Amino acid sequence: MTRQETLAGFVYMAFQFVFLPSILYAVNDLLKRPMQEAELNFLYYFINFIAMVILFHGFLGRSAAQLKDHPLLVCEAVILGLVAYYAMSYVTDKVIALLLPGFSNRNNASVLGMFGRSPFLMFLGTVILVPPFEECLFRGLIFRNLYSRSHWLAYVLSIAAFGLVHILGYLGSYTPLEILMALLQYLPAGLCLAWSLIRGQSIFAPIFIHAAINYITI
């Protein structure tokens with residue numbers, strides 16, 4: 001990413017994590033017919049997707065050119081990334097089952113619950129809107145900017161940030177051990193998505209993997 005894209009990305013990241021949810025909930029409370037949880041989540045996804053297109057259109061254009069020039073490289077990264085993800089997930093799920101039998105990921109349960117009530121909106125949100133936005137932030141903004149300085153630091157921080165953002169809203173309902181298990185569940189995705197960006201040399205590699213994982217999950 002360019003310096004301008006990087007700065008704008010970090011500013012918006014702070015805004016959408018700290019302020020955007022509160023603004024949406026406050027506006028929703030003023031409506032005569034408040035939106036349901038799935039509708040509110042979809043609006044959050046949609047706003048972030050539009051912001052991503054505006055802020056990162058140059059970055060996405062350069063990545064699209066790489067995809068066009070080297071489609072087989074991106075396909076290879078997607079296939080290998082998915083295989084590695086499901087292999088690692090199988091192992092981590094077995095470890096979690098041994099360490100904490102009956103553990104349930106609150107974020108996954110919440111998303112699947114909303115999907116049961118509003119399948120179309122949740123499909124659009126989780127499969128179409130979320131993967132491009134989250135990949136631009138976690139792999140394009142955080143991982144890729146750190147990678148040239150330290151490969152290990154790039155992996156560690158991007159994986160940690162990716163895991164934390166999915167459990168922050170549920171910290172009060174988790175025990176310390178459950179927090180560790182929840183973070184462990186996001187390790188395979190964080191690692192494989194970051195690796196696929198380097199392997200495929202295009203942000204569309206992790207976007208395709210992320211979309212496929214979400215689709216298969218729901």
Side-chain angles (χ1 to χ4, degrees), residues 10 13-22 24-25 37-38 40-41 44-45 48 80-118 122 125-127 129-131 133-143 145-147 150-198 206 209-218:
F10 277 117
M13 178 185 284
F15 167 77
Q16 66 98 14
F17 284 139
V18 177
F19 299 108
L20 183 57
S22 299
L24 290 179
Y25 278 116
E37 187 180 10
L40 202 57
N41 269 270
Y44 178 76
Y45 297 152
N48 286 333
L80 293 177
L82 280 171
V83 170
Y85 166 75
Y86 282 107
M88 292 179 63
S89 291
Y90 177 81
V91 174
T92 54
D93 287 345
K94 291 296 183 182
V95 171
I96 291 171
L98 287 173
L99 295 176
L100 192 62
F103 171 74
S104 176
N105 186 300
R106 307 284 198 280
N107 182 66
N108 289 351
S110 176
V111 170
L112 291 175
M114 286 186 285
F115 180 80
R117 295 187 293 273
S118 301
M122 290 306 295
T126 57
V127 178
L129 302 182
V130 167
F133 173 70
E134 289 194 349
E135 292 314 307
C136 280
L137 286 189
F138 295 108
R139 259 58 67 176
L141 185 63
I142 297 177
F143 176 78
N145 274 300
L146 289 172
Y147 192 77
S150 170
H151 294 2
W152 284 105
L153 186 63
Y155 275 104
V156 170
L157 290 185
S158 64
I159 291 171
F162 183 67
L164 283 171
V165 77
H166 287 90
I167 70 169
L168 278 178
Y170 308 95
L171 288 180
S173 62
Y174 276 138
T175 66
L177 181 57
E178 286 176 328
I179 291 175
L180 291 177
M181 296 302 100
L183 289 174
L184 181 61
Q185 280 194 320
Y186 291 104
L187 174 61
L191 179 59
C192 294
L193 290 167
W195 174 87
S196 71
L197 173 62
I198 299 303
I209 294 174
H210 197 153
I213 292 171
N214 285 1
Y215 174 76
I216 292 169
T217 300
I218 64 174

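Note that the structure is a prediction, hence the values are computed from the model and not measured.
Looking at every heavy atom in both residues, Leu141 comes nearest to Leu137 through CB-O, 3.0 Å. In terms of heavy atoms, Leu193 sits closest to Pro206 at CD2-O, 3.3 Å. Nearest heavy-atom pair, Asn107 versus His166, reported as atom, atom and distance to 0.1 Å: CB-O, 3.3 Å.
Take Tyr147 and apply the ring-ring contact (aromatic ring centres under 6.0 Å, His included) test, not counting sequence neighbours, and it matches Phe143, His151. Remark: Gln16 engages Tyr44, Asn48 in a side-chain hydrogen bond (donor to acceptor under 3.5 Å, both in side chains) (not counting sequence neighbours). For Asn108, there are no side-chain hydrogen bond (donor to acceptor under 3.5 Å, both in side chains) partners at least two apart in sequence or on another chain. With sequence neighbours excluded, the residues that form a side chain to side chain contact (heavy atoms under 4.5 Å, CB included) with Leu191 are Met88, Tyr155, Ile159. The side chain to side chain contact (heavy atoms under 4.5 Å, CB included) search around Arg106 returns Tyr170, Ser173, Tyr174, Glu178, not counting sequence neighbours. Scanning for ring-ring contact (aromatic ring centres under 6.0 Å, His included) contacts around Phe15 gives Tyr12, with sequence neighbours left out. For Ile218, the side chain to side chain contact (heavy atoms under 4.5 Å, CB included) partners are Leu112, Phe115, Phe123, Thr126, Val127, not counting sequence neighbours. Among residues two or more places apart in sequence or in another chain, the side chain to side chain contact (heavy atoms under 4.5 Å, CB included) test is passed with Ser150 by Trp152, Leu153.
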Determine whether Val111 and Met122 satisfy the following criterion, side chain to side chain contact (heavy atoms under 4.5 Å, CB included), listing intermediate values before the conclusion.
CA-CA 8 Å; Val111 170; Met122 290 306 295; 4.0 Å; yes
Requested in this report: Walk me through it: do Leu177 and Phe103 pass the test side chain to side chain contact (heavy atoms under 4.5 Å, CB included)?
Outcome: CA-CA 10 Å; Leu177 181 57; Phe103 171 74; over 6 Å; no
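Using a 4.5 Å heavy-atom threshold, the side chains of Tyr186 and Val165 count as separate. Annotation: side chain of Cys192 is not in contact with side chain of Ile209 (no heavy-atom distance under 4.5 Å). Within the 4.5 Å cutoff, side-chain heavy atoms of Glu37 are placed close to those of Ser110. Contact annotation: the side chain of Phe162 never approaches that of Ile142 to less than 4.5 Å [non-hydrogen atoms, C-beta and beyond].
Environment of CZ in Phe10: crowded, with over 12 heavy atoms of neighbouring residues, nucleotides or ligands closer than 6.0 Å. The local environment of OH in Tyr86 is crowded, with over 12 non-hydrogen atoms from other residues, nucleotides or ligands closer than 6.0 Å.
In this structure, the separation between CG on Leu100 and CE on Met181 is 6.5 Å, given to the nearest 0.5 Å. Here Leu157 contributes atom CG and Leu146 contributes atom CG; the two are 6.0 Å apart, rounded to the nearest 0.5 Å. In this structure, CD1 in Ile179 is found 5.5 Å from CD1 in Ile167, a value given to the nearest 0.5 Å. To the nearest 0.5 Å, atom CG of residue Leu184 and atom CG of residue Leu99 are 8.0 Å apart.
The list of salt bridge (charged side-chain N to carboxylate O under 4.0 Å, His left out) pairs with a residue in residues 86-101, not counting sequence neighbours, is empty.
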